[in-house]
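In what follows, a single structure is set out as structure tokens and then discussed.
All values reported here derive from a predicted model rather than from experimental measurement. First the proteins, then the strands, lettered A, B, ... as listed; each starts at 1.
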2 protein chains.
Amino acid sequence: MGEGTPGCGPLIPPLSETARPLRQQIFERVRAAGLIPRVQLARELSVSPASVTTLTSELIEAGFLEEVQAPRGAEGGRGRPAVALGVRAAAHHVAGIKLSDREHTAVIVDFAGKRIAGEAIARQPGPMELAGLLEATETLLNRVCAKAGLARGDLSAVGLGVPGFVDCPTGIVHWSPVLADRHVPLAAAVAGRLGLPVHVDNDANLVTLAELWFGVGRRLSDFAVVTIEHGLGMGFVLNHRIYRGARGLGMELGHTKVQLDGALCRCGQRGCLEAYVADYALVREAQTALNLPNRETQAVGALLESLYDHAKAGNAAARSIFHRAGRYLALGLSNVVNLFDPELIILSGERMRFDYLYAKETLAEMEAMILNTGRPMPRVETHAWGDLLWAHGAAALALQEVTEGLLGQTRDLC
Amino acid sequence: MGEGTPGCGPLIPPLSETARPLRQQIFERVRAAGLIPRVQLARELSVSPASVTTLTSELIEAGFLEEVQAPRGAEGGRGRPAVALGVRAAAHHVAGIKLSDREHTAVIVDFAGKRIAGEAIARQPGPMELAGLLEATETLLNRVCAKAGLARGDLSAVGLGVPGFVDCPTGIVHWSPVLADRHVPLAAAVAGRLGLPVHVDNDANLVTLAELWFGVGRRLSDFAVVTIEHGLGMGFVLNHRIYRGARGLGMELGHTKVQLDGALCRCGQRGCLEAYVADYALVREAQTALNLPNRETQAVGALLESLYDHAKAGNAAARSIFHRAGRYLALGLSNVVNLFDPELIILSGERMRFDYLYAKETLAEMEAMILNTGRPMPRVETHAWGDLLWAHGAAALALQEVTEGLLGQTRDLC
């Protein structure tokens, strides 16, 4: 780039690249609202009532929306009864499935996002061959379908979540602790087995999608979600959309390096944040320093409970394990703030019950590692959830893909 | 967030929040193209030729654009002569000023972004009181105005760049190595002194703006810029815009922590990446291990040259200083990739001449710390530039603010 380059402005992408088609925005706004009158839709989306009338008529005709007689408001009983729009819940059903180390879970939701049924099956921890994974997925889907009273063919799509490095657009899982092989074209393989469209994402993005669709995403446009469990994951919502990096990966906070030549990580590299704060990192240290039973003979969860009990009882080594993990977590979160400057960080995961990690001193350490700008640091919220939330996030992924597939084909500018 | 929350879609922002007004997009597209026919504008922005005609007429009437007789193309000499649109270069002029440790630089550009004049003044390194900074800024602006043959009042705005933590929307500089105080309302102070609108940003964002407006931004929508000099900075372009974090800060890669309780940083915290790779970090180690003259008696630049010469001559301590800095830089860049997954990383800065830092082994180390996805790692390009590039980026900031101020007041949806 030379100094003498003639000046010119930025190359602006076509509007269709920066904004979703209005038809899709209208649909998603209706889904968010539950029930909403056309005039309010027009106001909230800053478009003409005429455009809303045209586009909602198309959406009704296509069977995606329906008119609902709204309860009469303060204006009383005169004039035409108020009509609101809602998503036609029965138009489509999708499944969300989460594969993990200890159990697989699944839900079925309707087109409005409401859960119809949920199911879980326990499993032996450790990596699976693809054949075993396909078998387990099909069994689980059949069970949850039976519970919902639906045939598999009644589903429009399946969202599938796995821990690890997932290239969402291609559906390739580059590495996952639940898979024995690398670079597995999982979406294609599961789609072939189930005979349904399948969309795959990693578990941190699923939690983030769940927050975006059913949680804080209703009131915030930008936030970070950090998940701590078997590994450490991150999702980032930017302008109401999950940010996935220029090439479909990214946001692998757990594998950012926090120490040159540091602790060994599951991924095979050294110094990853995850290698200091995730379950296996705590278990590893516990086995070194404490007289705890061997991992072979005790489940990870029980081992961590035991470590936690030792720490609560005042065992110095156990305490130092949680203390160090908490300090590294603080370091990782401060890096998120220094880079992304989010309004809110949500901490999610089963390990949330280990209060040692998220005690006041951890937040104080985090604050001490955030740039001193004189402003209060971003809010940090801890969200606990039920076991099926991940699967619900997977269902949101499937709903999103179905909706975009149906409504995104024609690009409307206004 | 409970499991039983009824499902609903994401809350979609009004279109006006996600897309710039079309009038502004048209203007910026014309500035990017230099000269462009209306029909091509309509095609590239995916809008109707009628809308383009209406909006460009407004822009011509307002004096922002002008019609230019385009040279006849292959279609030959028949029919009406082709007419293209261009930015009316004389409509506005802005100044861009960069304050730094060793010299202050300034440029004046026209409304089309073309540089009219440039100027630099040397200075004594170290923090300045606000009064001295205002004095220097005014002197520099007067000189560059005289060179351009313009009065100060002919300028529509001034863009001002400083190293450090800048809250761009408010113009407050929370910390800068060139300022003695913290939390200085610099934009307001300089605007008061100069009697002109002033917009402030940090130097890494200015380099990124320069790349966005005059460099790779013409062909890429998403890229990262990492600057290495007195400090280590980062800018990130996402969908053709600089990402600034939810609260106007963020992207402080130099202050992400790469070692718990690590080396002391200029910012007062420990373990910042900058404290391992920036000029002052190298100088600090050089003074410890080598028999080099004291910093008091020798400029940083000369000291680094001396260190570089020792390394080239085979001095093991000098080599190990560059080797370690290179490894930490690799670690920092791998963290950028693991989080942002950019298509391209641009390395910029005067220190680029220290090849030890950017030699093959550094890129190999970086690759070893990036997630193994089986894909090649993002491209890394090293961009050298002239001294005035930063000031040119500051001018781009001023042009952007002037353009958005003039064109962004009315929100057009189509």
Original post:
Can A:Leu339 and B:Thr256 be said to form a side-chain contact (heavy atoms from CB on, under 4.5 Å), step by step?
Top reply: CA-CA 7 Å; A:Leu339 284 173; B:Thr256 58; 3.6 Å; yes

**OP:** State which residues pass salt bridge (charged side-chain N to carboxylate O under 4.0 Å, His left out) with B:Glu274; sequence neighbours excluded, sorted by chain then number.
**Re:** B:Arg266

Original post:
What residue, out of A:Leu260, A:Leu331, A:Asp222, has the most heavy-atom pairs lying under 4.5 Å from chain B?
Top reply: A:Leu260

Original post:
What residues, two or more places apart in sequence or in another chain, satisfy ring pair (Phe, Tyr, Trp, His ring centres under 6.0 Å) together with B:Phe165?
Top reply: B:Trp175, B:His255

Original post:
Among B:Arg270, B:Met234, B:Gln400, B:Met251, which has the most heavy-atom pairs under 4.5 Å with chain A?
Top reply: B:Met251

Subject >> Option in A:Val109, A:Val173, A:Val258, A:Asp110 with maximal non-hydrogen atom pairs under 4.5 Å from chain B >> reply: A:Val258

**OP:** Identify which part of B:Phe236 has an atom lying under 4.5 Å from any heavy atom of chain A, answering side chain, backbone, both or neither.
**Re:** side chain

**OP:** Among B:Ala368, B:Gly332, B:Gly118, single out the residue with the greatest number of heavy-atom pairs under 4.5 Å to chain A.
**Re:** B:Ala368

Subject >> From CD (B:Gln269) to CE (A:Met369), nearest 0.5 Å >> reply: 8.5 Å

Subject >> Donor-acceptor contact present, side-chain B:Glu252 to main-chain A:Leu371, <3.5 Å >> reply: no

Subject >> Side-chain (A:Tyr243) to main-chain (B:Phe340) donor-acceptor, under 3.5 angstrom >> reply: yes

Original post:
So, do A:Lys257 and B:Ile370 sit near enough that their side-chain heavy atoms are less than 4.5 Å apart?
Top reply: no

Original post:
Highest number of heavy-atom pairs under 4.5 Å with chain B: which of A:Leu344, A:Val87, A:Leu238?
Top reply: A:Leu238

